[in-house]
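To start, the structure under review is shown below, and the notes come after it.
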Amino acid sequence: MKAFPKAFYWGGATAANQVEGAYLEDGKGFSTSDVQPQGVFGDVVERIPGDSGLKDIAIDFYHRYPEDISLFAEMGFNCLRVSIAWTRIFPNGDDAAPNEAGLAFYDKLFDEMAKHNITPLVTLSHYEMPWALVKNYGGWGNRKVIGFFERYARTVFERYKGKVKLWLTFNEINMSLHAPMTGVGLPSDSSKAEIYQAIHHQLVASALAVKACHEIVPEGKIGNMLLGGLMYPLSCKPEDIFKTLQENRGWQFFGDVQARGAYPGYMLRYFRDNGFTLEVTDADRDALKSTVDFISFSYYMTGCVTADEALNQKARGNILNMVPNPHLESSEWGWQIDPLGLRTLLNVLWDRYQKPLFIVENGLGAKDKVEADGSINDDYRISYLNDHLVQAREAIEDGVELMGFTSWGPIDLVSASKAELSKRYGFIYVDRHDDGTGTLARSKKKSFDWYKEVIATNGASLKA
Ligand code: BG6
């Protein structure tokens, strides 16, 4: 009988800037997320403190986390992915000492998880960095930021080493190519050469964090985090096949450096062909040799690639500008739904890296309707997650080593791409709306009991 491993991490995934709110409380500094009220692709707007944009309060997890964690525990979570807001620890990034109030908040959060036997999986940087590092240093374009990040990473490893054993470096590190402000703190009109130099600094910082984690938390494990943007050729034309290989390498490059410890030859050729001369020191090359223990990734959709410019129209709302696949349905936001693609991606990553894999984001963003009796019948979400989990189980049968599954947004949160609340992912509904109204009350959707059953049966209740 097909099954998930006995020691499988089941849970959900969140990010500080999408759930916590309290964006200036207890000494927290402004982050790049705070100045992008319209989402990760949005323009920078330096807002006045006190402005009530959606991320300022978000879902108020900063104050309501005990209630939320107890709901996660009720579903049977044994793992919860959260991120630490760098700006709660070093409000400006270059501060002389860490902010004790920020450190104390995450102590309380991890203690609360421990009470419920929930293992924390902690992202060091999820789509945000101190805004002061962008203003005063030019973001990741400046090599000094590597040192600031390493100090932040070492500070949290030291502080939480007894409480947190599973870590991730940068969320969707490959997104910097599409959203440079969000990823590396660079303006959207930066040149490709500037973006790749900043990415290089971030890859070095990621490797230094891996090294630090191995020193400070020897029994811990640290992974990278990729946006698993699997592409298919639109046709079997050799030109389409080759272009697809190149497009997939566009994101695989990050994993290749983080898992194999050096720049792959195809990337060096790309830099040469485009006249990009990156500053890469011997110390950088040495640092990159510290490779991750496991590969984590998000998976929402696949897309197609064509070498034919006439066919190259972009999918509606698709963040990676993929060409739509005529064989797939799309979500309300134009993200094409492809459960089998998850099995393919898991096999591709396993074949490439031979390191344990962790699905740290997957889920369906949809508009939910609250019925007169308060119930929310989100069968579409149940069917999406069921079908993806069935394919994950197939991949395990294929021989893939899979550590766990944390669905994205187990509780409704502020979406990343457009900073909306109407795009909901949760098993738990939050009464807050795009116009900022709502009581913030939590209620269970139909999917709550469904996921609880999946976890309780270790996947045996899934419908193949
Ligand atoms: C990933 C991010 O890109 O996808 C999350 O890591 C994000 O932060 C998630 O929320 C879903 O995207 P969106 O735009 O629907 O929130």
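Counting starts at 1 for both ligands and their atoms, following the listed order.
A 4.5 Å side-chain heavy-atom check between T123 and I84 finds every atom pair outside the cut-off. At a threshold of 4.5 Å between non-hydrogen side-chain atoms, the residues I337 and D387 do not count as touching.
In summary, the atoms of ligand 1 found under 4.0 Å from a heavy atom of Y425, numbered by their order in the structure, are 11 (C), 12 (O), 13 (P), 15 (O). The contact set between ligand 1 and H126, taken as ligand atoms under 4.0 Å from a residue heavy atom, comprises 2 (C), 5 (C), 6 (O), 8 (O). Of all atoms in ligand 1, listed by their number and element, those nearer than 4.0 Å to a heavy atom of E361 are 1 (C), 2 (C), 4 (O), 5 (C), 6 (O), 9 (C).
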Salt bridge (Lys or Arg N to Asp or Glu O under 4.0 Å) between R81 and E361, intermediate numbers included | CA-CA 9 Å; R81 177 177 174 223; E361 284 189 33; 3.0 Å; yes

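Using a 4.0 Å cutoff on heavy atoms, W333 does not count as a contact of ligand 1.
Applying the salt bridge (charged side-chain N to carboxylate O under 4.0 Å, His left out) rule to pairs touching residues 20-42 yields E20-R88, K28-D34, sequence neighbours excluded.
A cation-pi arrangement is present between K367 and W333 under the rule of less than 6.0 angstrom and at most 45 degrees off the ring axis.
When heavy-atom distances to ligand 1 are checked against a 4.0 Å cut-off, V40 has no atom that comes that close, whether in backbone or side chain. Only side-chain heavy atoms of W335 come within less than 4.0 Å of ligand 1; its backbone N, CA, C and O stay farther off. Under 4.0 Å from ligand 1, heavy atoms of S417 appear from its side chain as well as its backbone. Contacts between K423 and ligand 1, counted as non-hydrogen atom pairs separated by less than 4.0 Å, involve the side chain only. Contacts between K418 and ligand 1, counted as non-hydrogen atom pairs separated by less than 4.0 Å, are absent for every part of the residue.
In the displayed structure, D43 atom CG is contacted under 6.0 Å by at most 12 heavy atoms of other residues, nucleotides or ligands.
Between A416 and ligand 1, an N or O atom pair is found at a separation short of 3.5 Å.
Checked against F253 for a side-chain contact (heavy atoms from CB on, under 4.5 Å), the options N248, L203, N174 give a single hit: L203.
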